[in-house]
Amino acid sequence: MLRDEYQISFNTPGFVGDAEQQSAWRTPPFKALLQHWWRVAVAKQYGYDWQKIREVEGRLFGHAWLDNGSWAMRSRVRIKLSSSAPGSLEKDKWVFEQKKLKHKEVKMPIGADLYLGFGPLLYSKDSKKTELKQRAINVKEQNQLTLSYPEEANEEFAHALQLIHWFGTLGGRSRNAWGSVELHVGETPSSRQAPLHDYNVLLNGNADLTRFQKSLKDCLSQEWPHAIGIDEKGVLVWKTEACSSWMAVMRKLAEMKIGFRTEALPFINNKDKTKPVLDERHIVSYPVTHHGVAGWAELDRFGKLKEDKRGNLIQKHRIANQLRFKVIKHQQQFYGLIFHLPCAVPEELAKEVKGSRDVLNQQITIWRKVHQHLDKHLQRTGSK
């Protein structure tokens, strides 16, 4: 077994909780983060075959399902944090000093923090401001992560940890850059432990992502996130300009998300309960407030679409946003990253939506509209 130590911290508040959703430093979320980026690190090695990868993952990280569950295996990976203390950001201490954003589909201006963090963050009618629902891990809080794993997985883990440092986020609303993780090699690294490349390599377009990237078209032939996409212009990773604070970066990311959703993919056909058809924006993520899809919404006992108290469809299925955000800090300045791990809408969901084949067949075209919007407003971190 090999043993590595890393100092870990967040560049944005992390909504990481325990079984009671009380904020705490816990190892299970870190294991899940490690497994996710480990899959990306090894996907090419196993021909992007999810069944092979799943079996190898089970034998490394533990399982109870191989051979139809006839036998189980404990994880060969050990993760330890030096502290399990609760986060220091108390729920009545939330501060986000940014002007509100305009959203053409929302009557009132909205805070960037609430737009990107709704759920852990809620709007209080009493105080008339955004408040934190539960305690959170604050920016600059640190912990020591100790990782033990089999020697034969050394190269795989080195790649996975590098990807976590560059792109990893953790906890609630992590795809919107909350819980942006930063890793640093511990104070007493072994002679074998590889150093992590800093953010400068990534920002300058010199990061070698060759083994982790795949063409947009090929990525969309599979239903799980297994590679960072690439098109004729380069790797699908964009960066914001330098900002003086993480809050300023979050505002920029919120502006970009509103932009590519409402400008690049405005709703044309869907009218929620009066015309609940699949539209282009549903491919990016689902559900969408006021724009439910028949087949992905709940039915009552009479087979009719169910509505909530506001008259909108109650939406049951979920498609996670493939465009992910991260906030990084380099030389006392903050940058936002937007990167795309493309994958197809699951066929199981596609079958539930009648007359949707035209939209589903245009997934690559839909994503190109989003990429063109990002190219218009941001710079890519590297070219092909």
Side-chain angles (χ1 to χ4, degrees), residues 101-110 112 114-119 123 173 175-176 216-217 219-221 223 225 229 253-325 338 340-374 376-377:
L101 302 171
K102 292 182 179 180
H103 190 308
K104 63 176 65 177
E105 296 175 357
V106 179
K107 293 181 180 180
M108 301 295 290
I110 186 172
L114 183 61
Y115 180 71
L116 294 179
F118 183 78
Y123 182 76
R173 300 300 180 267
R175 295 193 183 214
N176 284 348
L216 174 62
K217 180 179 179 181
C219 283
L220 292 175
S221 68
E223 298 178 3
L253 293 176
E255 290 174 343
M256 288 297 101
K257 186 168 185 176
I258 292 173
F260 71 69
R261 289 168 64 85
T262 62
E263 296 176 25
L265 301 174
F267 279 109
I268 299 173
N269 299 311
N270 183 281
K271 304 296 180 184
D272 197 54
K273 62 180 180 180
T274 61
K275 196 175 180 182
V277 298
L278 185 69
D279 222 326
E280 290 186 347
R281 197 191 301 177
H282 295 121
I283 300 301
V284 176
S285 65
Y286 188 85
V288 182
T289 306
H290 309 306
H291 294 280
V293 175
W296 294 351
E298 292 188 17
L299 301 176
D300 62 20
R301 60 193 181 94
F302 301 107
K304 294 183 179 181
L305 293 167
K306 293 176 68 174
E307 300 176 11
D308 60 20
K309 295 180 180 179
R310 297 184 178 183
N312 298 314
L313 297 185
I314 299 176
Q315 305 171 52
K316 63 178 180 178
H317 286 307
R318 173 175 168 78
I319 298 175
N321 200 330
Q322 300 172 28
L323 273 178
R324 308 186 190 189
F325 302 163
I338 299 179
H340 191 186
L341 275 71
C343 57
V345 172
E347 188 64 28
E348 183 177 346
L349 292 185
K351 290 178 180 178
E352 296 189 25
V353 183
K354 296 179 180 179
S356 64
R357 191 50 55 186
D358 288 344
V359 174
L360 294 169
N361 287 341
Q362 296 299 315
Q363 290 185 60
I364 189 169
T365 302
I366 293 168
W367 279 113
R368 285 187 182 278
K369 292 181 181 181
V370 175
H371 299 160
Q372 288 168 5
H373 180 87
L374 295 175
K376 181 179 178 181
H377 296 279

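All residue numbers in this chain count up from 1 along the given sequence. Just so it is clear, the values below take in all heavy atoms, side chains as well, and ignore hydrogens, waters and symmetry mates. Please read these numbers as outputs of a predicted model, since none were measured by experiment.
- One finds the OG1 atom of Thr365 at 11.5 Å from the CD1 atom of Ile283 (value rounded to the nearest 0.5 Å).
- Taking OH of Tyr286 as the reference point, atom NZ of Lys316 lies at 9.5 Å (rounded to 0.5 Å).
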*Applying side chain to side chain donor-acceptor pair (under 3.5 Å), run through His340 and His371 and close with a yes or a no.*
CA-CA 9 Å; His340 191 186; His371 299 160; 2.9 Å; yes
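- Residues forming a salt bridge (charged side-chain N to carboxylate O under 4.0 Å, His left out) with Glu105 (at least two apart in sequence, or on another chain): Arg281.
- Val284 is linked by a side-chain contact (heavy atoms from CB on, under 4.5 Å) to Phe260, Leu265, Asn321, Trp367, Val370, counting only residues two or more places apart in sequence or in another chain.
- Side-chain contact between Ile319 and Ser285 is absent, with no heavy atoms from C-beta onward closer than 4.5 Å.
- The structure places CD of Gln363 at 12.0 Å from SG of Cys219, a figure rounded to the nearest 0.5 Å.
- In terms of the salt bridge (charged side-chain N to carboxylate O under 4.0 Å, His left out) criterion, residue partners of Lys369 (sequence neighbours excluded) are, by chain and number, Glu280.
- Side-chain contact between Asn176 and Lys257 is present, with at least one heavy-atom pair separated by less than 4.5 Å.
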Please list every donor-acceptor pair under 3.5 Å in which a side-chain atom of residues 343-355 meets a protein atom from a residue at least two apart or in another chain.
residue	atom	partner	partner atom	Å
Glu347	OE2	Arg357	NH2	3.3
Glu352	OE1	His317	NE2	2.9
Glu352	OE2	His317	NE2	3.4

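- Within the 4.5 Å cutoff, the side chain of Ile366 has heavy atoms near those of the Val359 side chain.
- Two residues are said to be in side-chain contact when any heavy atoms from C-beta on lie closer than 4.5 Å; Leu220 and Lys217 fail this criterion.
- Applying the salt bridge (Lys or Arg N to Asp or Glu O under 4.0 Å) rule to pairs touching residues 261-271 yields nothing, sequence neighbours excluded.
- For the pair Asn270/Leu278, no side-chain contact is recorded, criterion being any heavy-atom separation below 4.5 Å from C-beta on.
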_Derivation and outcome, side chain to side chain contact (heavy atoms under 4.5 Å, CB included), residues Gln315 and Trp296_ = CA-CA 6 Å; Gln315 305 171 52; Trp296 294 351; over 6 Å; no
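- Of all heavy-atom pairs spanning Val277 and Val293, the tightest one is O-CG2, 3.9 Å.
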When the side chains of residues 302-311 are checked against the rest of the protein, which donor-acceptor pairs come out under 3.5 Å, sequence neighbours left out?
residue	atom	partner	partner atom	Å
Asp308	OD1	Arg310	N	2.9
Asp308	OD1	Gly311	N	3.0
Asp308	OD1	Asn312	N	2.9

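- The minimum heavy-atom distance between His373 and His377, with the atom names listed, is O-CD2, 3.1 Å.
- The minimum heavy-atom distance between Gly229 and Pro342, with the atom names listed, is N-CD, 3.5 Å.
- Within a 6.0 Å radius of NZ in Lys102, no more than 12 heavy atoms belonging to other residues, nucleotides or ligands are found.
- Two residues are said to be in side-chain contact when any heavy atoms from C-beta on lie closer than 4.5 Å; Arg324 and Leu341 meet this criterion.
- The structure places CG of Leu299 at 10.0 Å from CG of Leu313, a figure rounded to the nearest 0.5 Å.
- Summarising the geometry of Leu374 relative to Met256, their closest heavy-atom pair is CD2-SD, 4.3 Å, with the distance given to 0.1 Å.
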*Test ring pair (Phe, Tyr, Trp, His ring centres under 6.0 Å) on His282 and Phe267 and set out the steps.*
CA-CA 9 Å; His282 295 121; Phe267 279 109; 5.2 Å; yes
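- Contact of the Ile110 side chain with the Tyr123 side chain is not registered, since no non-hydrogen atoms from C-beta on lie closer than 4.5 Å.
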_Run His290 and Asp272 through side chain to side chain donor-acceptor pair (under 3.5 Å) and show every step you take._
CA-CA 6 Å; His290 309 306; Asp272 197 54; over 6 Å; no
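- Of all non-hydrogen atoms in Leu116 and Arg173, the two that sit nearest each other are O-CB, 3.7 Å.
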